[in-house]
K.L.:
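Before I ask anything, here is the structure I am working with.
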Amino acid sequence: MASFAISASSQRACSSNHVTKKQPSQTRTGRSLGTKQVSNVVALNVDGQKSLDIVEQQDKSSKSSSRTSKPNVAENDDLDTQSSHPKFNDARWKNGTWDLNMFVKDGKMDWDAVIVAEARRRKFLEMYPDSATNEEPVVFRSSIIPWWAWLLHSYLPQAELLNGRAAMVGFFMGYIVDALTGLDVVGQTGNFICKAGVFVTVAGIILFRKNEDFQNLKNLADEATLYDKQWQASWQDQKPSGPGKKI
Amino acid sequence: MASMALKSFTGLRQSPQEQQHPHFIAQALPRQQKFRVSAAKTSPKLTNRNLRVAVIGGGPAGGAAAETLAKNGVETFLIERKLDNCKPCGGAIPLCMVGEFDLPLDIIDRKVTKMKMISPSNVAVDIGQTLKPHEYIGMVRREVLDAYLRERAEKNGASVINGLFMKMDLPRNFEQPYVLYYTEYDGTKGGVGEKRTLEVDAVIGADGANSRVAKSINAGDYDYAIAFQERVKIPDEKMVYYENLAEMYVGDDVSPDFYGWVFPKCDHVAVGTGTVTHKGDIKKFQLATRNRAKDKILGGKIIRVEAHPIPEHPRPRRLSGRVALVGDAAGYVTKCSGEGIYFAAKSGRMCAEAIIEGSENGTRMIDEGDLRKYLEKWDKTYWPTYKVLDVLQKVFYRSNPAREAFVEMCADEYVQKMTFDSYLYKKVVPGNPLEDLKLAVNTIGSLVRANALRREMDKLTI
């Protein structure tokens with residue numbers, strides 16, 4: 001995602017106008033931006049609707065006349081093309097924050113929609129980084145969404161998945177251990193080795209969900225100690241390693 | 001030299017090295033050049049001369065070291081290749097440096113009292129409300145600061161030599177001096193310079209990130225970041241906004257492992273960014289930084305483009321025999337903020353103090369043990385600072401969600417107070433435990449929220 005955003009912005013910055021408009025839709029694998037048409041100005045009806053609108057394609061000519069590019073002796077290819085990227089637009093985004101009144105559904109606050117809307121805004125800005133202006137500062141803080149809304153939205157589905165996995169593994173391991181050792185479920189819960197095995201299995205399911213997780217955790221462990229090692233390196237050769245070293 | 005054994009640093013780690021990090025190799029010294037570590041009290045007293053020390057490099061580290069040495073009776077030679085060097089640098093110095101090094105206030109071009117942190121999704125947080133009226137971050141011009149420190153060293157008795165250090169002959173035994181080969185310039189522009197030699201008893205290598213002294217003692221390499229900066233002269237009405245405000249932009253577009261900045265200087269701003277892992281893309285990152293600050297620097301003219309390396313961690317070997325490295329040459333730049341001026345000056349001073357102590361004000365010969373004391377003191381005093389900043393960088397510059405959480409956390413007053421206290425006074429002060437606990441909970445909360453939003457983002461298509 002990150003390298004993608006950088007390559008998208010770099011292609012934008014280094015190429016000319018019409019190529020700019022074509023490239024992003026090609027490089028984005030499998031994603032379609034329905035409103036992106038070459039040299040079309042797509043105006044979306046955003047008044048009074050709760051529908052999610054994204055793009056307002058701006059004509060380069062109208063933009064560039066209102067901006068004075070910085071005269072730079074060496075390069076002149078990097079300053080003009082910044083104006084042609086789409087800007088984030090949403091009916092519910094007002095004055096740098098989400099208007100929470102517009103997220104009310106059936107008389108109750110719809111936090112899920114807030115979370116999705118904010119995610120969409122961040123994704124948009126990741127793909128088309130915008131300048132941070134003083135006129136419209138972003139003052140939205142994600143802490144405004146209550147903690148239980150996060151739980152309901154993201155944590156519970158994941159917890160359900162993990163619990164399901166743990167239950168399946170537990171059931172089959174119980175069966176297999178019973179077949180191998182003759183201990184039934186009641187007996188297994190009394191056995192220390194079985195309980196240790198349960199603990200390891202649960203930890204494993206939580207930590208290692210994908211194949212990459214193993215390598216990721218290893219890298220994390222290395223990373224955590226690398227800086228210390230780099231600092232200790234000066235002290236490594238203080239201890240003499242052989243009799244012939246001293247003079 | 002070819003018979004030297006290459007001790008690869010990766011041998012210390014269990015897993016094979018990742019592709020991203022360049023090799024971090026410590027080379028073993030040839031056997032005959034290792035010195036015995038012994039107490040200086042048994043060193044011979046120098047007859048009819050004082051200890052001679054050469055300081056290679058006349059930046060903050062060299063200037064501070066030379067001043068301390070010269071003030072205490074050591075015969076000091078400061079060798080600097082370009083006396084009017086206008087170095088590419090952020091130019092920020094903490095408040096404690098003004099006091100500790102008795103800097104005159106007219107060296108400071110601007111006093112930054114406000115900072116703005118801007119997240120990938122342009123959430124902007126103002127920090128600096130907790131600063132007391134007398135606290136600020138000083139912005140200096142390097143040429144002014146370096147010249148001042150050098151002149152002060154000269155006033156105290158150091159000989160400042162305008163020359164380029166070429167190489168150094170290491171002594172074969174304890175009594176022999178170090179022989180330095182340098183090219184002296186006589187001040188005329190375009191002059192080729194004369195080759196000269198200088199015999200000294202000890203050398204302080206303060207010659208920066210591409211240190212030749214470090215090469216001479218086989219100090220090893222370090223990972224480094226590239227910092228790229230453009231100085232932009234913006235219209236006066238826009239300059240008012242940056243009167244005493246600096247901005248920091250974080251995001252994958254601006255830098256994958258560092259930050260982009262807009263720092264105000266004397267009459268212009270410096271817009272720049274840096275990276276360790278994606279050095280080849282630095283120009284794109286710079287464009288993205290300019291894009292993010294677009295409205296605020298509109299109409300500006302680029303007056304200078306500069307780039308320089310920033311060490312990421314110390315070299316494997318920071319001293320050898322009677323040669324010690326200080327400042328950028330040793331790799332004393334913090335992570336996360338990339339601050340180096342204060343640590344360079346402080347390490348120069350600390351090394352000089354160790355030499356003074358070991359030589360009893362220049363009357364005795366020193367040896368490696370005395371210089372090790374400087375390393376010990378340095379590591380003990382500043383290791384917590386470096387480690388904390390390293391952890392912060394690893395946690396918060398990792399990915400866009402982490403950066404969003406970082407900016408959110410900066411809005412907290414306790415965080416601001418702790419950050420500025422530790423930055424301005426260079427002491428990691430343990431705060432109120434209850435507040436620390438709240439901070440930890442809030443941090444985890446921010447990270448969890450940001451990552452939850454990231455998972456949401458992955459599900460969406462635009």
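Naming: A, B, ... by sequence-line order, numbering from 1 per chain.
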K.L.:
Could you tell me which portion of A:Ser154 (side chain, backbone, both or neither) has an atom closer than 4.5 angstrom to a non-hydrogen atom of chain B?
P.N.:
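When you check distances to chain B, only side chain atoms of A:Ser154 fall under 4.5 Å.
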K.L.:
With chain B as the partner, which of A:Ile145, A:Leu220, A:Asp228, A:Thr97 has the greatest number of non-hydrogen pairs under 4.5 Å?
P.N.:
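Heavy-atom pair counts peak at A:Asp228.
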K.L.:
Between B:Glu404 and chain A, which part of the residue has a heavy atom less than 4.5 Å away: side chain, backbone, both or neither?
P.N.:
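The side chain, not the backbone.
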K.L.:
Please look at A:Ala224 and chain B and tell me whether the side chain, the backbone, both or neither of the residue comes under 4.5 angstrom of a heavy atom of that chain.
P.N.:
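For A:Ala224, the backbone is the part near chain B, not the side chain.
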K.L.:
Is there a donor-acceptor contact under 3.5 Å from the side chain of B:Arg315 to the main chain of B:Gly220?
P.N.:
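Yes; judged by distance alone, with no hydrogens or angles, the pair exists.
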K.L.:
What residue in B:Tyr241, B:Tyr249, B:Tyr386 has the most heavy-atom pairs under 4.5 Å with chain A?
P.N.:
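With the most close heavy-atom pairs to chain A, the winner is B:Tyr386.
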K.L.:
Examine the side chains of B:Trp378 and B:Tyr374 and answer whether a donor and an acceptor come within less than 3.5 Å of each other.
P.N.:
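No, because no side-chain N or O of B:Trp378 sits under 3.5 Å from a partner of the opposite role on B:Tyr374.
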K.L.:
When only pairs under 4.5 Å are counted, which of B:Val448, B:Val123, B:Val125 shares the most heavy-atom pairs with chain A?
P.N.:
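Counting heavy-atom pairs under 4.5 Å, the top option is B:Val123.
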K.L.:
What residue in B:Arg318, B:Lys387, B:Arg449, B:Arg292 has the most heavy-atom pairs under 4.5 Å with chain A?
P.N.:
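Option with the greatest count: B:Arg449.
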K.L.:
Could you please spell out the steps behind the side-chain hydrogen bond (donor to acceptor under 3.5 Å, both in side chains) verdict for B:Glu408 and A:Ser143?
P.N.:
CA-CA 9 Å; B:Glu408 257 183 41; A:Ser143 46; 5.1 Å; no
K.L.:
Please state whether the side chain, the backbone, both or neither of B:Ala405 comes within less than 4.5 Å of a heavy atom of chain A.
P.N.:
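Nothing of B:Ala405, per the 4.5 Å heavy-atom cut-off to chain A.
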K.L.:
Please state whether the side chain, the backbone, both or neither of A:Trp150 comes within less than 4.5 Å of a heavy atom of chain B.
P.N.:
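Contact with chain B is through the side chain of A:Trp150 alone.
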K.L.:
Under 4.5 Å heavy-atom distance to chain A, tell me which part of B:Ile118 shows up: side chain, backbone, both or neither.
P.N.:
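Answer is side chain: those atoms of B:Ile118 sit under 4.5 Å from chain A.
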K.L.:
Do B:Asn400 side-chain atoms and B:Asp252 backbone N/O form a donor-acceptor pair below 3.5 Å?
P.N.:
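Looks like yes, one N/O pair under 3.5 Å.
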K.L.:
Using the rule given for side chain to side chain contact (heavy atoms under 4.5 Å, CB included), can you reason through A:Ile115 versus B:Leu453, listing the C-alpha separation, both sets of side-chain angles and the distance that settles it, and then say yes or no?
P.N.:
CA-CA 7 Å; A:Ile115 292 176; B:Leu453 275 172; 4.0 Å; yes
K.L.:
Calculate, to the nearest 0.5 Å, the distance between atoms CG and CD belonging to A:Asp112 and B:Glu456 respectively.
P.N.:
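One finds 8.0 Å between CG of A:Asp112 and CD of B:Glu456.
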K.L.:
Is there a donor-acceptor pair closer than 3.5 Å between any side-chain N or O of B:Arg317 and the backbone N or O of B:Asn218?
P.N.:
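Looks like yes, one N/O pair under 3.5 Å.
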